[in-house]
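The structure appears below as structure tokens.
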Amino acid sequence: MTISQLSRKNVQSLTPYQSARRLGGSGDVWLNANEYALSPNFDLTDRTFNRYPEPQPQAVIEGYATYAGVAPENVLVSRGGDESIELIIRAFCEPTDSVLYCPPTYGMYSVSAETCGIVLKTVPLTADFQLNLTEIERNLDGVKVVFVCSPNNPTGTLVKRSDLLKLLQITAGKAIVVVDEAYIDFCPQATMVNELPNYPHLAIIRTLSKAFALAGLRCGFTLANAELINVLQKVIAPYPLPVPVADIATQALSAQGIEQVKQRVEEVLTLRADLQKNLENLPLVEKVFESDGNYLLVKFQDGPKVFKALWEQGIILRDQHKALGLANCIRITVGTKEENARVVEAIGEVRVI
């Protein structure tokens, strides 16, 4: 028996998440992972490397609690938002339970569920990328966790607040509702944080990867009521955050760091508006979808050809052609002014026969 055959059956059949780095590419314009274009600079202030770190670094917890407008007991810090997804599944799902999510959306919900051996239920988004509440309610039997991404990746769509509240109402006492707010810093008015006191089964995922420009740090958060946080504390690794990560995260969450985040958000929103306008003027573009994130979903006459043409020029975008309902679509991260101009110019030079 081979090593592969010794692995769990569900792992043998698992298709891993195709992250931007896993997909590769060779270029100098990287607009495929929704990262901020430039790196902030931090110097380490804590060099206590011979000791294990705090299980939940107090300075990081308090800093993010202040930023998010919650109490420290409502915050759990993890290795990126991805660990939060898996923690919730591991903590709440029995082998006989199901996870429900709504494609097209972030792929790690399904990968994490499959890795844990949990059955997946899918209820596709509507044509305008909103929740199909009727179908969700019809499929809730046996569902223990529901994942919703808002703003949604890759569509950029904000899920209607009224629909999220309805979802919370129909799942009360039955399932955990996870609202992934990885991109909420670009539209903070839409957060569900103020609903935490009303819904004990609500969990919110956050990250420092986007507006904080710290994707390489791998620092994420779960915001929830204290009872839910305590459940997750039972299954999280003993020391999830290395000392250097906690050090830099603490600095990023300082008053000065938060001010820099606000400046980045303003910059990205301005650049996004300009990029959308310039893309809409191109003959190959059929539609640029409205976005509340740091990226745009664009539908082309021939998406795969555009993607390939730019890939060969070293402009790396994210192909969404095979995603449910997204034929001929490409997701484009908002880059610098110069990077955005190169993208628009390169697309303008593509010829589709």
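Just so we're clear, the structure is a prediction, and the values are computed from it rather than from any experiment.
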Is there side-chain contact between Asn34 and Tyr183, with at least one heavy-atom pair below 4.5 Å? yes
Could you report the tightest heavy-atom contact between Leu158 and Cys187, atom names first, then the distance? CD2-SG, 3.9 Å
Taking it one step at a time, do Lys277 and Glu280 satisfy salt bridge (Lys or Arg N to Asp or Glu O under 4.0 Å)? CA-CA 5 Å; Lys277 179 181 65 177; Glu280 288 172 339; over 6 Å; no
Residue Asn41 excluded, over 12 heavy atoms near CG under 6.0 Å: no
Would a distance-only check, ignoring hydrogens and angles, find a side-chain to backbone donor-acceptor pair under 3.5 Å from Gln130 to Lys160? yes
Ring centers of Tyr67, Phe212 separated by less than 6.0 Å: yes
Lys NZ or Arg CZ of Arg264 over Tyr36 ring: under 6.0 Å, within 45°: yes
Are the side chains of Tyr199 and Thr171 in touch, meaning some heavy atoms are under 4.5 Å apart? no
What about Leu217 and Tyr239, same hydrophobic cluster or not, with Ile/Leu/Val/Met/Phe/Trp/Tyr joined at side-chain heavy-atom distances under 4.5 Å? no
A side-chain contact here means heavy atoms from C-beta on lying under 4.5 Å apart; do Ile347 and Leu310 qualify? yes
Find the distance between CG (Asn225) and NE2 (His201) and round it off to the nearest 0.5 Å. 10.5 Å
Sidechain N-carboxylate O distance under 4.0 Å for Lys166, Glu137: no
Answer whether the closest heavy-atom distance between the side chains of Leu131 and Leu125 falls below 4.5 Å. yes
Give, for atom CD of Gln56 and atom CD of Glu62, the distance between the pair rounded to the nearest 0.5 Å. 12.0 Å
Counting distance only, does the side-chain N/O of Asn32 pair as donor-acceptor with the main-chain N or O of Arg318 below 3.5 Å? no
Identified ring pair (Phe, Tyr, Trp, His ring centres under 6.0 Å) counterpart of Phe147 within the set Tyr109, Phe92, Tyr106: Tyr109
Asp43, CG atom: more than 12 neighbouring heavy atoms under 6.0 Å: no
Donor-acceptor pair, distance only, cut-off 3.5 Å: does the side chain of Glu181 make one with the backbone of Met192? yes
Spatial distance of atom CG (Asn139) from atom NZ (Lys121) [nearest 0.5 Å]: 5.5 Å
Does one side chain, of Thr45 or Asp247, offer a donor that lies under 3.5 Å from an acceptor on the other? yes
Can you tell me if Glu290 and Gln276 form a side-chain donor-acceptor pair at under 3.5 Å? yes
Under the salt bridge (Lys or Arg N to Asp or Glu O under 4.0 Å) criterion, do Lys308 and Glu312 qualify, and how do the steps go? CA-CA 6 Å; Lys308 183 174 183 292; Glu312 291 173 347; 2.5 Å; yes
Got more than 12 heavy atoms from elsewhere within 6.0 Å of CD, Glu227? no
No-hydrogen, no-angle side-chain donor-acceptor test under 3.5 Å, Ser78 and Ser84: no
Checking the side chain of Thr333 only, and the main-chain atoms of Leu31 only, is there a donor and an acceptor separated by less than 3.5 Å? yes
Is there side-chain contact between Val159 and Thr157, with at least one heavy-atom pair below 4.5 Å? no
Donor-acceptor side-chain pairing of Arg331 and Ser291 below 3.5 angstrom: no
How long is the span from the CD1 atom in Ile248 to the CD atom in Gln251, to the nearest 0.5 Å? 7.0 Å
Does atom CG (Asn194) have a neighbourhood of more than 12 heavy atoms from anything else shown, all under 6.0 Å? yes
Test applied, side chain to side chain donor-acceptor pair (under 3.5 Å); reference residue, Thr105; option that passes from Asn153, Asn152, Thr122: Asn152
What's the separation between atom CG in Leu133 and atom OG1 in Thr126, rounded to the nearest 0.5 Å? 9.5 Å
Using a strict cut-off of less than 4.0 Å between a Lys/Arg side-chain nitrogen and an Asp/Glu carboxylate oxygen, indicate whether Glu339 and Arg342 qualify as a salt bridge. no
Salt-bridged, Asp82 to Arg218, with N to O below 4.0 Å? yes
For Ala68 and Arg206, work out which heavy atoms get closest and say how close. CB-NH1, 4.2 Å
Cluster check Val99, Leu232: I/L/V/M/F/W/Y, side chain < 4.5 angstrom: yes
Could you work out the complete set of other residues in the hydrophobic cluster of Ile184, with links drawn between I, L, V, M, F, W and Y side chains under 4.5 Å apart? none
How about Tyr52: does its OH atom have over 12 heavy atoms from other parts shown lying under 6.0 Å from it? no
Among Thr115, Ile118, Val235, exactly one meets side chain to side chain contact (heavy atoms under 4.5 Å, CB included) together with Arg90. Which residue is that? Val235
Taking all atoms of both residues into account, what is the closest heavy-atom pair of Phe186 and Asp292, and its distance? CB-O, 3.5 Å
Flag side-chain contact, heavy atom, 4.5 Å: Val146 against Ile176: no
Quick check: does any side chain N or O of Asn328 sit under 3.5 Å from a backbone N or O of Lys299, one acting as donor and the other as acceptor? no
Roughly how far apart are Ser110 OG and Ile85 CD1, rounded to 0.5 Å? 9.5 Å
Crowding at CD, Gln233 (>12 non-hydrogen neighbours, <6.0 Å): yes
